[in-house]
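These notes concern the structure reproduced below.
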Amino acid sequence: MNKQPLRCRVQVVLPIEKPYDYLLPYGTDGAQIALEPGQVVMVPVGRRVLPGVVWDGDADENVPLKKLKEIVSVSEVPPLREELRKFVEWVANYTLSPQGSVLKMALSVPQALEDQVGQKLYRLSGDALSKEGEREKTRLTSARQKVIDVVTNSGGWTSADLAREAGVSSSVVKGLEKLGMIESYFEAPDFFFPAPVSDAVGPELSPDQKAAADDLVSRVQGRSFSTVVLDGVTGSGKTEVYFEAIEAALREGRQALVLLPEIALSSQWLDRFKQRFGVAPAEWHSDLTPALRRKTWRAVASGKAPVVVGARSALMLPYSDLGLIIVDEEHEGSFKQEDGVYYHARDMAVVRAKGCGCPIVLASATPALETMVNVQSGRYERLILPGRHGGAGMPDVELIDLRFDKPERLQSGPGWLSQALRGAIRQTLEAGEQAMLFLNRRGYAPLTLCRTCGHRLQCPHCTAWLVEHRRFRRLQCHHCGFSAALPETCPSCGAEDSLVPCGPGVERIVEEAKLLFPEANVALMASDTMTSPAATKEMVDRIQNREVNLLVGTQVVAKGYHFPYLTLVGVVDADLGLFGGDLRAAERTFQLLHQVAGRAGRAEHKGRVLLQTSDPKHPVMQTLKEGDRDKFLEIEAETRARGNLPPFGRLAAVIVSGPDESELDNFCAGLARSIPQFDGAQILGPAPAPLALLRGKFRRRFLIMSKKTIAPQGIARNWLSQLKAPSRIKVVVDVDPYSFL
DNA sequence: AGCACGCCGACT
DNA sequence: GTCGGCGTGCTC
């Protein structure tokens, strides 16, 4: 009698809730090959072959045998550890996402799984050091030295890449290979990020920094989970402190992960890392080349990437032995992913640290309210770094009441800079220092309207105004990327010369600044002027070399860059972020303005910050002026507690979208009728989502609000499972929604 | 997410 | 009469 063929569960990388069952592959001897949970396999799905992971638990014997297909191949990459499998399950459960979608983020590199048949790669040869003595004999020309330098920093170069990076011809590479200084290989698994130089001396730490660093080091050595908030103003030296913790993790032989907001992953941060550790860390972000992605993924999985720095998706990588997680700028909203799987990388990082049995550090000058509430409840601990490193005090913050100091009209149109702000800029420029004008709004004008008929230029796919970008002579939608030429006549009434820009964007502030200060060197810094790392670096260099003395920028100027000669910051519209009814509007405005303010000042000169506001009594403005962050958090906490809003209550947004508005409303009405009654929870809606029309799809939103003790996920699951959505209608749940857009 | 199956308009 | 549009539904 034949034995039943053996099956196992495989989670494939499709938006599928649970693993599918497959037959174990047959070896050459005709027997089935046993597999361990975590092994990466290729399996047939439909008529395709996709990556998947052998999952925990037994296959479902009820699935008919004839439905089962055989596993095609088993990848050479190290199996996904139980820690990561459990993490994937946890995230899927928490975010109400299909497990396969979450797994896909962890296997984000299809090429990484292929067996290596790649190109010939070069690295420093293993016995290069022993050949060092021969250096006198062999002529180590400068061209050769350049190649050695490049290859010492990181291995895994193709001949062409290596020659290009070193700026030499490929014959130099060939020559060095012949000499045995570098060697070639084919195996991607051997790719490694060099170990940081652990005896590199960091900067002298202040006693406060030293105490904080010692605390973190002992946590890393303790190899157990704890969450620490590293709380210190800009310039208090948080980075140096957590660098010590990274070094401790390396000494333990474990890996360290640093999560940064995408925008802060600047070359400045990497330069500091290189200075401290002598080598570059492994980087992980959205625009890595596929080849580097593959190499990095494999290096992380096999423990050959000691330090990984990356944006939120770096959290999903298959670390072989994670000993420390740092989340820098932990309050940043960009840690929340809002497409595909809706997750907050900071919160999930805490979960992953728990699973890894390692400490996690949340660093910020303006910790999120959630984070501070967790400190108060004792779930998180806190280390405070007082004062500014290097002696400069926090800048003076003054409020300019726009109701009394109204910006004068310019010849070209309305002005946006008050007398007080103009005077301060003049003073600063005359003193030979730098000033910055901050406005968190790209483009020239956020709204264009027709003087004749009142028509407003709107995006055809979204409920949003088109933003004029004068540099490109175009209109853009900042939500879907729609772009059109600036029309000559009103598209509605046909009137000529009738379209007028309304309100300011940074381009318009540049125009005003040039008009008011013709002698100044004005520069614009916005996300759309910094399209490449090279362009960004050039701009940062120009500012640091003082080729620019009046900088105009959006929020990109607030993050990660240090401009030592900047002594004045003017905020053009401090109230901007407060509109829109967003749950976190006040908190985000406070954080952003606090961070912008922190750009002003240096060791010798106290900085000055001027906030233009129409509501100087607002708690955000008052606490910014007083420099009292904790008072702001107190007021904000009270407001939230009163409304039973996060972090004192819980939220989940249910976003229903579809191309047909009446069908959508119909379905939403059905959902509304079946809203269940709960103690301690309520469901509001349907309301038009803030962008009622986005990318050509209509949107409605329900909001589940629950007491802290009740999980909104369960409520959403029960409620939504009662009613099946028509196929053209999509329902997504955003647990812990961050922005309400 | 793909990819095929399915049921209604313009083509050699 | 078919070729093909993309709406719908499944994938162990």
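Chain letters run A, B, ... following the sequence lines, proteins first and then strands; every chain starts at 1.
Donor-acceptor pairing under 3.5 Å is recorded for the side chains of A:Arg474 and A:Ser483. Between the side chains of A:Gln11 and A:Gln99, a donor-acceptor pair is found at a separation under 3.5 Å. Counting only N and O atoms by type, the side chains of A:Thr296 and A:Glu283 include no donor and acceptor under 3.5 Å apart.
Heavy-atom distances to DNA chain B give each of A:Arg47 and A:Pro15 a nearest nucleotide, and the one nearer the 5′ end belongs to A:Pro15.
Taking only side-chain nitrogens and oxygens, A:Arg48 comes nearer than 4.0 Å to OP1 or OP2 of B:dG2.
Computed from coordinates, the A:Leu103 CG to B:dA1 P distance equals 15 Å when rounded to whole Å.
Seen from the ring of A:Trp284, A:Arg293 counts as a face-on cation partner, given the 6.0 Å and 45° thresholds.
Evaluation of the side chain to side chain contact (heavy atoms under 4.5 Å, CB included) rule for A:Pro676 yields A:Phe678, A:Ile683, A:Trp719 as partners, not counting sequence neighbours.
No side-chain heavy atom of A:Val53 sits less than 4.5 Å from a side-chain heavy atom of A:Gln39. Within the 4.5 Å cutoff, the side chain of A:Val731 has heavy atoms near those of the A:Val656 side chain. For the pair A:Trp297/A:Pro318, a side-chain contact is recorded, criterion being any heavy-atom separation below 4.5 Å from C-beta on.
For DNA chain C, the contact window with chain A, defined by any atom under 4.0 Å from a protein heavy atom, covers C:dT8 to C:dC12 in 5' to 3' order.
Among the heavy atoms of the strands, none lies under 4.0 Å from A:Arg9.
Proximity of residues 60-68 of chain A to DNA chain C (heavy atom under 4.0 angstrom from any strand atom) is restricted to A:Lys67, A:Leu68.
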